[in-house]
Amino acid sequence: MALILSEVKDTVGILTLNNPERRNALSLELCDELSAALNDLKNRKVPVVVIRAPRDAKVWSAGHDIRQLPQVCHEPLAYDSPMEKALRAIQEYPGAVIALVQGGVWGGASDLIITCDLAIGDETSTFAITPVKIGLPYNASGIVHFINRVGLNIAKEMFFTAEPVKAERAYHCGILNHLISSKEIEQFTMQLAASIAGNSPLAVAVIKEQFRLLSEAHPITAEAFERIQALRRKVYNSHDYEEGIKAFFEKRKPNFRGE
Ligand code: YXS
(Lines give C-alpha, C1' and ligand atoms only; values in the text may rest on other atoms or scores of the structure.)
Protein backbone atom coordinates (compact mmCIF):
# COMPACT_ATOMS: atom_id res chain seq x y z
CA MET A 1 0.00 0.00 0.00
CA ALA A 2 1.38 3.41 -0.96
CA LEU A 3 2.05 5.50 2.13
CA ILE A 4 2.00 8.66 0.00
CA LEU A 5 -0.70 9.13 -2.66
CA SER A 6 0.39 11.44 -5.47
CA GLU A 7 -1.72 13.18 -8.11
CA VAL A 8 -1.42 16.27 -10.30
CA LYS A 9 -4.46 18.49 -10.85
CA ASP A 10 -3.73 21.00 -13.64
CA THR A 11 -0.54 22.68 -12.37
CA VAL A 12 -0.74 21.55 -8.73
CA GLY A 13 0.73 18.36 -7.27
CA ILE A 14 -1.16 16.85 -4.33
CA LEU A 15 0.62 14.48 -1.92
CA THR A 16 -1.65 12.76 0.62
CA LEU A 17 -0.33 10.99 3.73
CA ASN A 18 -1.88 7.55 3.65
CA ASN A 19 -1.25 5.50 6.80
CA PRO A 20 -4.33 6.06 8.98
CA GLU A 21 -3.78 2.92 11.08
CA ARG A 22 -0.56 4.49 12.36
CA ARG A 23 -2.11 7.98 12.40
CA ASN A 24 0.15 8.93 9.46
CA ALA A 25 3.22 8.54 11.67
CA LEU A 26 6.34 9.70 9.81
CA SER A 27 7.83 6.23 9.51
CA LEU A 28 11.12 5.74 7.67
CA GLU A 29 9.14 4.22 4.79
CA LEU A 30 6.57 7.05 4.62
CA CYS A 31 9.34 9.68 4.69
CA ASP A 32 11.25 7.90 1.92
CA GLU A 33 8.07 7.80 -0.18
CA LEU A 34 7.47 11.51 0.50
CA SER A 35 10.98 12.39 -0.71
CA ALA A 36 10.58 10.19 -3.78
CA ALA A 37 7.17 11.71 -4.61
CA LEU A 38 8.57 15.24 -4.33
CA ASN A 39 11.46 14.25 -6.58
CA ASP A 40 9.04 12.82 -9.15
CA LEU A 41 6.98 16.05 -9.17
CA LYS A 42 10.20 18.06 -9.49
CA ASN A 43 11.24 16.02 -12.53
CA ARG A 44 7.79 16.66 -13.99
CA LYS A 45 8.32 20.41 -13.39
CA VAL A 46 5.17 20.73 -11.28
CA PRO A 47 5.37 24.32 -9.95
CA VAL A 48 3.35 23.97 -6.73
CA VAL A 49 2.81 21.04 -4.33
CA VAL A 50 0.13 20.63 -1.65
CA ILE A 51 0.85 18.14 1.16
CA ARG A 52 -2.22 16.95 3.07
CA ALA A 53 -3.84 14.15 5.05
CA PRO A 54 -7.12 12.54 3.92
CA ARG A 55 -10.13 14.92 4.09
CA ASP A 56 -11.33 15.68 7.63
CA ALA A 57 -8.57 13.55 9.22
CA LYS A 58 -8.66 13.72 13.05
CA VAL A 59 -4.86 13.33 13.06
CA TRP A 60 -2.85 14.93 10.25
CA SER A 61 0.24 13.08 11.48
CA ALA A 62 1.34 11.58 14.81
CA GLY A 63 4.91 12.67 14.10
CA HIS A 64 8.06 10.54 13.99
CA ASP A 65 7.28 6.83 14.25
CA ILE A 66 8.36 6.26 17.85
CA ARG A 67 8.71 2.53 17.21
CA GLN A 68 11.48 3.38 14.78
CA LEU A 69 13.36 5.88 16.92
CA PRO A 70 16.84 4.49 17.44
CA GLN A 71 17.38 3.10 20.91
CA VAL A 72 19.30 5.06 23.50
CA CYS A 73 22.93 6.03 22.71
CA HIS A 74 22.16 6.69 19.06
CA GLU A 75 21.48 10.03 17.36
CA PRO A 76 17.65 10.06 17.05
CA LEU A 77 17.37 12.73 14.34
CA ALA A 78 20.41 12.10 12.18
CA TYR A 79 21.15 14.39 9.25
CA ASP A 80 20.71 11.50 6.80
CA SER A 81 17.58 10.02 8.45
CA PRO A 82 14.52 9.70 6.15
CA MET A 83 12.56 12.36 8.10
CA GLU A 84 15.37 14.92 7.87
CA LYS A 85 15.84 14.08 4.17
CA ALA A 86 12.11 14.63 3.58
CA LEU A 87 12.24 18.02 5.34
CA ARG A 88 15.17 19.04 3.12
CA ALA A 89 13.31 17.78 0.03
CA ILE A 90 10.51 20.21 0.94
CA GLN A 91 12.94 23.09 1.53
CA GLU A 92 14.81 22.40 -1.71
CA TYR A 93 11.74 21.80 -3.88
CA PRO A 94 11.99 24.38 -6.73
CA GLY A 95 8.47 25.68 -6.16
CA ALA A 96 5.99 26.49 -3.40
CA VAL A 97 5.11 23.61 -1.04
CA ILE A 98 1.84 24.26 0.82
CA ALA A 99 0.60 22.26 3.82
CA LEU A 100 -3.18 21.78 3.96
CA VAL A 101 -3.81 20.93 7.62
CA GLN A 102 -6.84 19.35 9.26
CA GLY A 103 -6.55 17.54 12.58
CA GLY A 104 -3.75 17.12 15.09
CA VAL A 105 -0.11 17.54 14.10
CA TRP A 106 2.46 16.01 16.48
CA GLY A 107 6.21 16.14 16.96
CA GLY A 108 8.31 15.98 13.82
CA ALA A 109 5.16 16.52 11.73
CA SER A 110 4.90 20.04 13.19
CA ASP A 111 8.46 20.59 11.99
CA LEU A 112 7.37 19.32 8.58
CA ILE A 113 4.45 21.78 8.48
CA ILE A 114 6.62 24.79 9.37
CA THR A 115 9.24 23.64 6.87
CA CYS A 116 6.61 23.97 4.14
CA ASP A 117 6.54 27.41 2.54
CA LEU A 118 2.93 28.09 3.51
CA ALA A 119 0.43 26.36 5.81
CA ILE A 120 -3.35 26.58 5.59
CA GLY A 121 -5.24 25.12 8.54
CA ASP A 122 -8.87 24.64 9.52
CA GLU A 123 -10.50 24.95 12.93
CA THR A 124 -9.51 21.39 13.89
CA SER A 125 -5.80 21.88 13.27
CA THR A 126 -3.47 21.77 16.28
CA PHE A 127 0.35 21.71 16.44
CA ALA A 128 2.58 20.15 19.12
CA ILE A 129 6.33 19.59 19.24
CA THR A 130 7.04 16.89 21.78
CA PRO A 131 10.71 15.93 22.36
CA VAL A 132 10.44 16.74 26.08
CA LYS A 133 7.63 14.17 26.37
CA ILE A 134 10.01 11.37 25.45
CA GLY A 135 13.26 12.86 26.71
CA LEU A 136 14.65 13.40 23.23
CA PRO A 137 17.07 16.20 22.17
CA TYR A 138 15.66 17.96 19.15
CA ASN A 139 18.16 18.89 16.43
CA ALA A 140 19.59 22.33 15.65
CA SER A 141 18.03 22.69 12.18
CA GLY A 142 14.59 21.85 13.58
CA ILE A 143 14.94 24.44 16.35
CA VAL A 144 15.98 27.05 13.77
CA HIS A 145 12.80 26.24 11.78
CA PHE A 146 10.68 27.07 14.86
CA ILE A 147 12.65 30.22 15.79
CA ASN A 148 12.25 31.50 12.24
CA ARG A 149 8.55 30.71 12.07
CA VAL A 150 7.12 31.66 15.45
CA GLY A 151 9.88 33.55 17.25
CA LEU A 152 11.91 32.61 20.35
CA ASN A 153 9.34 32.90 23.13
CA ILE A 154 6.55 31.00 21.34
CA ALA A 155 9.03 28.36 20.15
CA LYS A 156 10.30 27.90 23.71
CA GLU A 157 6.75 27.58 25.06
CA MET A 158 5.92 24.97 22.39
CA PHE A 159 9.06 22.93 23.14
CA PHE A 160 8.91 23.25 26.94
CA THR A 161 5.19 22.44 27.29
CA ALA A 162 4.82 19.99 24.35
CA GLU A 163 1.17 21.12 24.46
CA PRO A 164 -0.81 21.40 21.18
CA VAL A 165 -1.22 24.97 19.87
CA LYS A 166 -4.82 25.34 18.75
CA ALA A 167 -5.80 26.69 15.33
CA GLU A 168 -6.65 30.28 16.29
CA ARG A 169 -3.38 30.75 18.18
CA ALA A 170 -1.44 28.91 15.44
CA TYR A 171 -2.73 31.52 13.01
CA HIS A 172 -1.83 34.45 15.28
CA CYS A 173 1.68 33.19 16.01
CA GLY A 174 2.53 32.50 12.36
CA ILE A 175 2.35 28.72 12.08
CA LEU A 176 -0.62 29.19 9.74
CA ASN A 177 -0.79 31.64 6.85
CA HIS A 178 -4.58 31.30 6.77
CA LEU A 179 -7.20 29.79 9.09
CA ILE A 180 -10.03 28.61 6.84
CA SER A 181 -13.18 26.63 7.74
CA SER A 182 -13.07 22.89 7.09
CA LYS A 183 -15.79 23.33 4.44
CA GLU A 184 -13.77 25.82 2.42
CA ILE A 185 -10.15 24.85 3.09
CA GLU A 186 -9.72 22.59 0.06
CA GLN A 187 -11.06 25.09 -2.45
CA PHE A 188 -9.15 27.95 -0.80
CA THR A 189 -5.85 26.02 -0.81
CA MET A 190 -6.21 24.87 -4.42
CA GLN A 191 -7.04 28.43 -5.56
CA LEU A 192 -4.00 29.79 -3.71
CA ALA A 193 -1.83 27.04 -5.21
CA ALA A 194 -3.13 27.73 -8.71
CA SER A 195 -2.50 31.46 -8.36
CA ILE A 196 1.14 30.83 -7.36
CA ALA A 197 1.49 28.30 -10.20
CA GLY A 198 0.45 31.07 -12.61
CA ASN A 199 3.52 33.13 -11.73
CA SER A 200 7.05 32.73 -13.08
CA PRO A 201 8.22 29.33 -11.79
CA LEU A 202 11.86 30.34 -12.19
CA ALA A 203 11.42 33.51 -10.13
CA VAL A 204 9.43 31.67 -7.44
CA ALA A 205 12.07 28.91 -7.22
CA VAL A 206 14.99 31.34 -6.98
CA ILE A 207 13.25 33.62 -4.45
CA LYS A 208 12.36 30.52 -2.36
CA GLU A 209 16.05 29.46 -2.36
CA GLN A 210 17.09 33.01 -1.39
CA PHE A 211 14.68 32.85 1.57
CA ARG A 212 16.15 29.46 2.59
CA LEU A 213 19.78 30.61 2.40
CA LEU A 214 19.15 33.91 4.18
CA SER A 215 16.79 32.62 6.90
CA GLU A 216 18.97 29.60 7.74
CA ALA A 217 22.12 31.77 7.90
CA HIS A 218 22.84 31.66 11.64
CA PRO A 219 26.60 32.11 12.18
CA ILE A 220 27.87 29.56 14.69
CA THR A 221 31.40 28.99 16.00
CA ALA A 222 33.05 25.55 15.91
CA GLU A 223 32.98 25.55 19.71
CA ALA A 224 29.23 26.28 19.75
CA PHE A 225 28.63 23.46 17.26
CA GLU A 226 30.65 21.03 19.38
CA ARG A 227 28.85 22.18 22.55
CA ILE A 228 25.44 21.52 20.90
CA GLN A 229 26.52 18.04 19.85
CA ALA A 230 27.90 17.24 23.33
CA LEU A 231 24.72 18.50 25.04
CA ARG A 232 22.50 16.48 22.67
CA ARG A 233 24.61 13.34 23.17
CA LYS A 234 24.10 13.69 26.93
CA VAL A 235 20.33 13.61 26.34
CA TYR A 236 20.11 10.72 23.89
CA ASN A 237 22.47 8.71 26.11
CA SER A 238 20.25 9.38 29.12
CA HIS A 239 17.96 7.26 31.28
CA ASP A 240 15.19 9.76 30.51
CA TYR A 241 15.32 9.11 26.75
CA GLU A 242 15.22 5.34 27.32
CA GLU A 243 12.39 5.77 29.84
CA GLY A 244 10.45 8.12 27.52
CA ILE A 245 10.32 5.58 24.69
CA LYS A 246 9.54 2.68 27.04
CA ALA A 247 6.68 4.64 28.64
CA PHE A 248 5.15 5.37 25.22
CA PHE A 249 4.97 1.68 24.38
CA GLU A 250 3.73 0.75 27.85
CA LYS A 251 1.10 3.49 27.42
CA ARG A 252 2.01 5.09 30.77
CA LYS A 253 3.43 8.40 32.02
CA PRO A 254 7.25 8.40 32.02
CA ASN A 255 9.17 8.71 35.33
CA PHE A 256 11.91 11.14 34.35
CA ARG A 257 14.90 11.49 36.69
CA GLY A 258 16.73 14.29 34.89
CA GLU A 259 19.68 12.02 34.10
O1 YXS B 1 -1.47 0.55 19.95
P2 YXS B 1 -1.55 0.33 18.44
O3 YXS B 1 -0.65 -0.73 17.90
O4 YXS B 1 -2.98 0.30 17.92
O5 YXS B 1 -0.95 1.69 17.78
C6 YXS B 1 -1.51 2.93 18.14
C7 YXS B 1 -0.36 3.88 18.50
O8 YXS B 1 0.69 3.24 19.23
C9 YXS B 1 0.13 4.23 17.11
N10 YXS B 1 0.85 5.51 17.12
C11 YXS B 1 2.15 5.64 16.86
N12 YXS B 1 3.08 4.72 16.55
C13 YXS B 1 4.33 5.18 16.35
N14 YXS B 1 4.69 6.48 16.46
C15 YXS B 1 3.78 7.42 16.77
N16 YXS B 1 4.15 8.70 16.84
C17 YXS B 1 2.44 7.01 17.00
N18 YXS B 1 1.29 7.65 17.36
C19 YXS B 1 0.34 6.72 17.42
O20 YXS B 1 -1.03 4.35 16.29
C21 YXS B 1 -2.08 3.52 16.85
C22 YXS B 1 -3.29 4.37 17.10
O23 YXS B 1 -2.89 5.30 18.10
P24 YXS B 1 -3.95 5.80 19.22
O25 YXS B 1 -4.81 4.65 19.64
O26 YXS B 1 -3.20 6.53 20.24
O27 YXS B 1 -4.84 6.82 18.34
P28 YXS B 1 -5.71 8.04 18.89
O29 YXS B 1 -6.51 8.49 17.73
O30 YXS B 1 -6.38 7.66 20.15
O31 YXS B 1 -4.63 9.16 19.27
C32 YXS B 1 -3.89 9.75 18.23
C33 YXS B 1 -2.69 10.53 18.87
C34 YXS B 1 -1.79 11.03 17.75
C35 YXS B 1 -3.23 11.70 19.73
C36 YXS B 1 -1.94 9.53 19.79
O37 YXS B 1 -1.64 8.35 19.03
C38 YXS B 1 -0.63 10.12 20.25
O39 YXS B 1 -0.61 10.95 21.17
N40 YXS B 1 0.47 9.68 19.58
C41 YXS B 1 1.81 10.18 19.93
C42 YXS B 1 1.99 11.62 19.39
C43 YXS B 1 3.40 12.07 19.68
O44 YXS B 1 3.77 12.31 20.85
N45 YXS B 1 4.22 12.17 18.66
C46 YXS B 1 5.65 12.55 18.75
C47 YXS B 1 6.49 11.42 18.10
S48 YXS B 1 8.20 11.72 18.41
C49 YXS B 1 8.57 12.97 17.29
O50 YXS B 1 7.81 13.27 16.40
C51 YXS B 1 9.86 13.69 17.42
C52 YXS B 1 11.02 12.76 17.49
S53 YXS B 1 9.85 14.76 18.81
O54 YXS B 1 9.50 13.92 19.94
O55 YXS B 1 11.16 15.29 18.94
O56 YXS B 1 8.84 15.73 18.57
Side-chain angles (χ1 to χ4, degrees), residues 1 3 17-32 34 51 53-54 56-88 90 99 101-116 124-147 149-150 154-167 170 175 228 231-238 240-254 256:
M1 170 192 74
L3 297 172
L17 307 180
N18 181 44
N19 193 6
E21 298 71 42
R22 309 297 313 173
R23 302 299 182 268
N24 290 331
L26 299 180
S27 63
L28 309 179
E29 300 79 9
L30 185 144
C31 290
D32 280 342
L34 178 56
I51 300 179
D56 297 333
K58 294 278 170 295
V59 178
W60 196 88
S61 170
H64 201 297
D65 188 324
I66 300 177
R67 294 166 308 167
Q68 295 181 334
L69 278 174
Q71 294 312 311
V72 68
C73 300
H74 289 80
E75 164 60 71
L77 298 170
Y79 178 81
D80 56 0
S81 66
M83 188 176 90
E84 293 304 312
K85 281 183 180 168
L87 295 186
R88 287 197 298 276
I90 291 170
V101 189
Q102 296 179 290
V105 183
W106 299 83
S110 291
D111 194 353
L112 188 152
I113 296 286
I114 65 168
T115 300
C116 291
T124 68
S125 61
T126 64
F127 305 85
I129 181 70
T130 53
V132 299
K133 265 173 123 178
I134 51 176
L136 180 139
Y138 214 66
N139 59 8
S141 53
I143 286 179
V144 167
H145 297 157
F146 280 86
I147 294 172
R149 192 69 164 242
V150 299
I154 305 286
K156 285 181 181 178
E157 182 183 340
M158 289 184 73
F159 272 90
F160 296 166
T161 65
E163 285 302 315
V165 174
K166 292 191 174 65
I175 295 172
I228 288 176
L231 286 169
R232 296 187 64 251
R233 212 174 358 264
K234 212 165 125 190
V235 180
Y236 64 69
N237 288 356
S238 69
D240 281 3
Y241 176 42
E242 196 167 14
E243 163 63 8
I245 294 187
K246 234 166 116 246
F248 175 79
F249 288 111
E250 293 167 6
K251 299 189 188 279
R252 61 173 173 80
K253 205 167 161 17
F256 290 132

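All residue numbers in this chain count up from 1 along the given sequence. All ligand and atom numbering here is 1-based and tracks the order in the structure.
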Problem - Lys253 with Glu243: basic N within carboxylate O range, under 4.0 Å - result: no

Problem - Arg233 and Glu75 ion-paired at < 4.0 Å - result: no

Exercise for the section: Determine, step by step, whether Leu69 and Tyr241 satisfy the side chain to side chain contact (heavy atoms under 4.5 Å, CB included) criterion, reporting the C-alpha distance in whole Å, the side-chain angles of both residues, the deciding distance to 0.1 Å, and the verdict. Expected result: CA-CA 11 Å; Leu69 278 174; Tyr241 176 42; 3.9 Å; yes

Problem - Side-chain heavy-atom pair Val59, Asn24 within 4.5 angstrom cut-off - result: no

Fill in the blank from the handout: Ala62 heavy atoms within 4.0 Å reach ligand 1 at atoms 16 (N), 17 (C), 18 (N), 34 (C), 42 (C), 43 (C), 45 (N), 46 (C), 47 (C)

Practice task
Considering only non-hydrogen protein atoms, determine which one is nearest to atom 12 (N) of ligand 1 and report residue, atom name and distance to 0.1 Å.
Solution key: Arg22 NH2, 3.4 Å

Problem - Enumerated ligand 1 atoms positioned under 4.0 Å from heavy atoms of Ile134 - result: 48 (S), 54 (O)

Exercise for the section: Return yes or no for this condition: an N or O of Thr130 is under 3.5 Å from an N or O of ligand 1. Expected result: yes

Exercise for the section: Would you verify that at least one protein heavy atom lies under 4.0 Å from atom 26 (O) of ligand 1, or report that none does? Expected result: no

Exercise for the section: Indicate, as side chain, backbone, both or neither, the part of Asp111 found under 4.0 angstrom from ligand 1 when only non-hydrogen atoms are considered. Expected result: neither

Problem - Location of contacts on Arg23 toward ligand 1, heavy atoms closer than 4.0 Å - result: side chain

Practice task
Would you verify that at least one protein heavy atom lies under 4.0 Å from atom 33 (C) of ligand 1, or report that none does?
Solution key: no

Completion exercise
Within 4.0 Å of some non-hydrogen atom of Gly63, the atoms of ligand 1 are 50 (O)

Fill in the blank from the handout: Residue, atom and distance of the protein heavy atom nearest atom 49 (C) of ligand 1 read His64 CB, 3.4 Å

Exercise for the section: Measure Leu136 to ligand 1 on non-hydrogen atoms and call it side chain, backbone, both or neither using the 4.0 Å cut-off. Expected result: side chain

Practice task
Provide, to 0.1 Å, the distance between atom 20 (O) of ligand 1 and the closest protein heavy atom, together with that atom's residue and name.
Solution key: Glu21 O, 3.7 Å

Exercise for the section: Check whether any side-chain heavy atom of Val235 lies under 4.5 Å from a side-chain heavy atom of Leu231, and answer yes or no. Expected result: no

Practice task
Kindly indicate whether atom 37 (O) of ligand 1 is approached by any protein heavy atom to under 4.0 angstrom.
Solution key: no

Exercise for the section: Answer yes or no: does an N/O atom from Lys133 fall short of 3.5 Å to an N/O atom of ligand 1? Expected result: no

Practice task
Establish, for the pair Arg67 and Phe248, whether the NZ or CZ atom is under 6.0 angstrom from the six-membered ring centre and no further than 45 degrees off its axis.
Solution key: no

Problem - Distance-only N or O hit between ligand 1 and Gly108, under 3.5 Å - result: yes

Problem - Gln68 near ligand 1 by a heavy-atom separation under 4.0 Å - result: no

Handout entry: Under-4.0 Å heavy-atom contact between protein and atom 30 (O) of ligand 1
Key = no

Problem - Contacting atoms of ligand 1, where contact means under 4.0 angstrom from a heavy atom of Ile129 - result: 56 (O)

Exercise for the section: May I ask whether Lys58 places a heavy atom under 4.0 Å from ligand 1? Expected result: no

Practice task
Please name the residue in the list Leu30, Leu34, Leu26, Leu112 that meets the side-chain contact (heavy atoms from CB on, under 4.5 Å) test with Met83.
Solution key: Leu26

Practice task
Check if Phe248 has a non-hydrogen atom at a distance under 4.0 Å from any atom of ligand 1.
Solution key: yes

Exercise for the section: Considering the heavy atoms of Lys251, write down every atom of ligand 1 situated less than 4.0 Å from one of them. Expected result: 1 (O), 8 (O)

Fill in the blank from the handout: Among Trp106, Tyr138, Trp60, the residue with a heavy atom nearest to atom 55 (O) of ligand 1 is Tyr138

Exercise for the section: Would you mind listing which atoms of ligand 1 come within a distance below 4.0 Å of any non-hydrogen atom of Pro131? Expected result: 53 (S), 54 (O), 55 (O), 56 (O)

Exercise for the section: Starting from the C-alpha separation in whole Å, work towards a yes-or-no answer on side chain to side chain donor-acceptor pair (under 3.5 Å) for Tyr79 and Asn139. Expected result: CA-CA 9 Å; Tyr79 178 81; Asn139 59 8; over 6 Å; no

Practice task
Mark whether atom 14 (N) of ligand 1 lies under 4.0 angstrom from at least one protein heavy atom.
Solution key: yes

Problem - Protein non-hydrogen atom found under 4.0 Å from atom 4 (O) of ligand 1 - result: no

